[in-house]
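Notes follow the structure.
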Protein chains: 2
Amino acid sequence: MTPLPSTQQLRYLVALGETAHVGRAAARCAVSQSTLSTGIIALERTLDAQILDRSSGRRVVFTPLGAELVERAHTALAALQEIADAADAIRAPLAGQLRLGLIPTIGPFLLPRLVPLLRHTYPGLRLMLREDTSARLLDDLFADRLDLLILAEPYPCGGAETLPVARDEFMVAMPKAHPLAARDAVPMAALSRETMLLLEDGHCLRDHVLAACRTATPQAAFAATSLHTLIHMVSGGLGITLLPRLAAACGIARGVDVALRRLDGAGAWRTISLVFRPGAPRILEYRALWPMVASAIANPAP
Amino acid sequence: MTPLPSTQQLRYLVALGETAHVGRAAARCAVSQSTLSTGIIALERTLDAQILDRSSGRRVVFTPLGAELVERAHTALAALQEIADAADAIRAPLAGQLRLGLIPTIGPFLLPRLVPLLRHTYPGLRLMLREDTSARLLDDLFADRLDLLILAEPYPCGGAETLPVARDEFMVAMPKAHPLAARDAVPMAALSRETMLLLEDGHCLRDHVLAACRTATPQAAFAATSLHTLIHMVSGGLGITLLPRLAAACGIARGVDVALRRLDGAGAWRTISLVFRPGAPRILEYRALWPMVASAIANPAP
DNA sequence: GTCCTTCATCGGTTCAATCGATCAACCTTG
DNA sequence: CAAGGTTGATCGATTGAACCGATGAAGGAC
């Protein structure tokens, strides 16, 4: 019915909305005053609606509709800009700054492989890293202080888009002298008789482990602040724990009196995922990142 | 940096995305095949990016970027369409269908005045009415089954935009023989010794009354299904209640053995508001509706 | 009243959008 | 394999929209 407004005219409209002055708006758009004036009038004609109130002298006064259209033009231009941004992003893939957030149970085990890989493939990439809990990382993501997260799911990501990369199974970590260490794999049921050591509250791994083996009795009093601490508590005989294969493969239990065994049973894993704002302009770059993260997980630092 | 794409080219792009066929996409856009073909190429040039994969014969195959751009072009066009819609809406203000939802403690007292007012001012308006609880109305609003709600705040409207219209004070309703009925106004403190009758759970007025006089003892066993029932329970001596002035002014207590008195004290009111989806194209019409609703509240049906 | 600012309008020019016709590649069919 | 049909790209010509500089007209300042 009503024809759609042109991109150019929308630029004129928002500039005029910001300056309330035809001459200055024209300068901001790098066109002549007459061009912008004509453009606004043409927009009024295409929309068949009054944008400026011309009864009040020479000044620029918006009608209620005009003010509303300025608002909407602004959001429409943002959508158009995102198209241009997406095109830009593919031209120089993963160049410039990328603010990446990771959780403490992934970062130390993934980055030793991932960072060299990225530096090699995308020399132009300036990687800014941040390690924190999932909740705080998501806050930063939505506040536009981070571009991309690597989290472990399931986790309530509150509207963020997630791209699953790999399944990270849980292994049982116990003292080498523990009876269960004699077996090749530990059945889920055997966990119920053990004291399960956990990370502090706030670490998503704590919840994942609890969910994986809800029969075991958690050791409530002492919670570890990191996986390394946790391993040493296991080695000290305070109990057993579940460890992501990613951490285990990085030799976290090397040189420590701890045995690692497979865990039999359904649901004994977490999913490592890329997480970003829905509609992020660089989504294609994140997708391009996917195989590198998968590769870094599949071939962890020895 | 990168110039913004033109509206026309975006239309070509989404049409091509839907048909995957240059000829049919051109027909859908009502242009010649050559025009659409050139337009896509021009878009690739303005964005300086590859949209179609031309290595695979004569067929239309999108590159990953191309598919992504189709998506984004779709949302950008929607934003542009909303601009045209907003302009259309102002040209024929409040014409066509308007699906209005009201809560039971407002509707019966507001509509007798509001509907004739609207019919007179906007003869082209086709008003579809629905009466339900705030929660269900909001569900329908976000599911696009309703355009506009008239609710009582405070209420958790979950992201909806609200436009406060009027303050609706609470009055005390009690049997005419009640001791408090002798006074001109009832102090808030006096309520604490009374049995307070309430509406059923789910009515926001129930929560508003409870919040207004949290000292009074609610009559938990019997809850009324409507304000009319409530008034008859008061008349029957089961207790007292708080009644919005809007309902009181409509003569809800006429012919019943019930006295209405002012209530002294802070916070003894609800706010009647227009509620709609943020970014609704007809927002200017809703604003035009504001004074009519305010007038209908200020001069209720006798 | 005079001058200055500011927005609208005018005439002319350039460039992009569009069309029909044609070409080139691919697919199907006999 | 040859012929015909389909489909997307390209070409040359035309039209109209966007743009500019100059000018006009309406307010406001002094």
Side-chain angles (χ1 to χ4, degrees), chain A residues 2-63 66-67 69-70 73 77 80 84, chain B residues 2-63 66-67 69-70 73 77 80 84:
Chain A
T2 303
L4 264 46
S6 89
T7 304
Q8 195 71 311
Q9 289 169 355
L10 294 186
R11 287 186 52 231
Y12 297 164
L13 182 59
V14 297
L16 189 59
E18 287 170 357
T19 59
H21 187 287
V22 175
R24 274 187 278 277
R28 181 172 302 199
C29 295
V31 295
S32 77
Q33 172 263 322
S34 68
T35 295
L36 194 135
S37 180
T38 311
I40 295 293
I41 294 171
L43 180 60
E44 286 183 315
R45 209 157 39 77
T46 59
L47 294 181
D48 188 18
Q50 206 71 13
I51 293 177
L52 293 181
D53 179 1
R54 292 187 179 75
S55 69
S56 46
R58 298 285 93 186
R59 292 181 316 147
V60 173
V61 177
F62 284 91
T63 63
L69 292 186
V70 168
L77 278 187
L80 293 172
Chain B
T2 304
L4 262 47
S6 89
T7 303
Q8 194 72 313
Q9 288 168 357
L10 294 187
R11 287 186 53 231
Y12 296 165
L13 182 59
V14 298
L16 189 59
E18 286 170 359
T19 59
H21 187 289
V22 175
R24 275 188 278 276
R28 180 172 302 201
C29 295
V31 295
S32 76
Q33 171 264 321
S34 70
T35 295
L36 194 134
S37 180
T38 311
I40 295 293
I41 293 172
L43 181 59
E44 286 182 314
R45 208 158 41 75
T46 59
L47 294 180
D48 189 16
Q50 205 73 14
I51 292 176
L52 293 181
D53 180 0
R54 292 186 179 75
S55 68
S56 45
R58 298 285 93 185
R59 291 181 316 149
V60 173
V61 178
F62 284 92
T63 62
L69 292 186
V70 168
L77 278 188
L80 293 172

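Source: prediction; values computed, not measured. In the text below, chain A, chain B and the rest are named by the order of the sequence lines, each starting its count at 1.
Nearest approach of C29(A) to L36(A), heavy atoms of both residues: SG-CD1, 4.2 Å. Of all non-hydrogen atoms in T7(B) and P5(A), the two that sit nearest each other are OG1-O, 2.8 Å. Across all non-hydrogen atoms, the minimal contact from E44(A) to I51(A) is OE2-N, 2.7 Å.
Going from atom CZ of R59(B) over to atom P of dC27(C) covers 8 Å, rounded to whole Å. Remark: C1' of dG8(D) and CZ of F62(B) are 13 Å apart, rounded to the nearest angstrom. Note: CG (L4(B)) to C1' (dA16(C)) measures 17 Å, nearest angstrom. The interatomic distance linking I40(B) (CD1) with dT7(D) (C1') rounds to 15 Å, in whole Å. Per the geometry, CD1 belonging to I51(A) stands 15 Å off C1' belonging to dC7(C), to the nearest Å. The interatomic distance linking E44(B) (CD) with dG8(D) (P) rounds to 14 Å, in whole Å. As a whole-Å value, the separation of D53(A) CG from dC7(C) P is 14 Å.
Between the NE2 atom in H21(B) and the CD atom in Q33(B) there is a gap of 9.5 Å [rounded to 0.5 Å]. Put simply, OG1 on T38(B) and CZ on R45(B) are 10.5 Å apart, with the number rounded to the nearest 0.5 Å. Annotation: the span from F62(A) atom CZ to D53(A) atom CG amounts to 11.0 Å, rounded to 0.5 Å.
Of the possible polar contacts, one joining the T63(B) side chain to the Q50(B) backbone as a donor-acceptor pair under 3.5 Å is found.
Looking at S32(B) and T35(B), their side chains do bring a donor and an acceptor atom within 3.5 Å of each other.
For dT5(C), neither phosphate oxygen OP1 nor OP2 lies less than 4.0 angstrom from any side-chain nitrogen or oxygen of H21(A).
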Please produce a list of atom pairs where a protein N or O lies less than 3.5 Å from an N or O of nucleotides 15-21 of chain D.
residue, atom, partner, partner atom, Å
dC19(D), OP1, Q8(A), NE2, 2.7
dC19(D), OP1, Y12(A), OH, 3.1
dC19(D), OP2, Y12(A), OH, 2.6
dC20(D), OP2, S32(A), N, 2.6
dC20(D), OP2, S32(A), OG, 3.1
dC20(D), OP2, T35(A), OG1, 2.5
dG21(D), O6, S34(A), OG, 3.0

Check: residues 8-18 of chain A side-chain donor-acceptor pairs under 3.5 Å, at least two apart:
residue, atom, partner, partner atom, Å
Q8(A), OE1, R11(A), NH1, 2.7
E18(A), OE1, R28(A), NH1, 2.5

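Two end axes, each from the C1' atoms of five base pairs, can be drawn for the helix from dG1(C)-dC30(D) to dG30(C)-dC1(D); they diverge by 30°, to 10 degrees.
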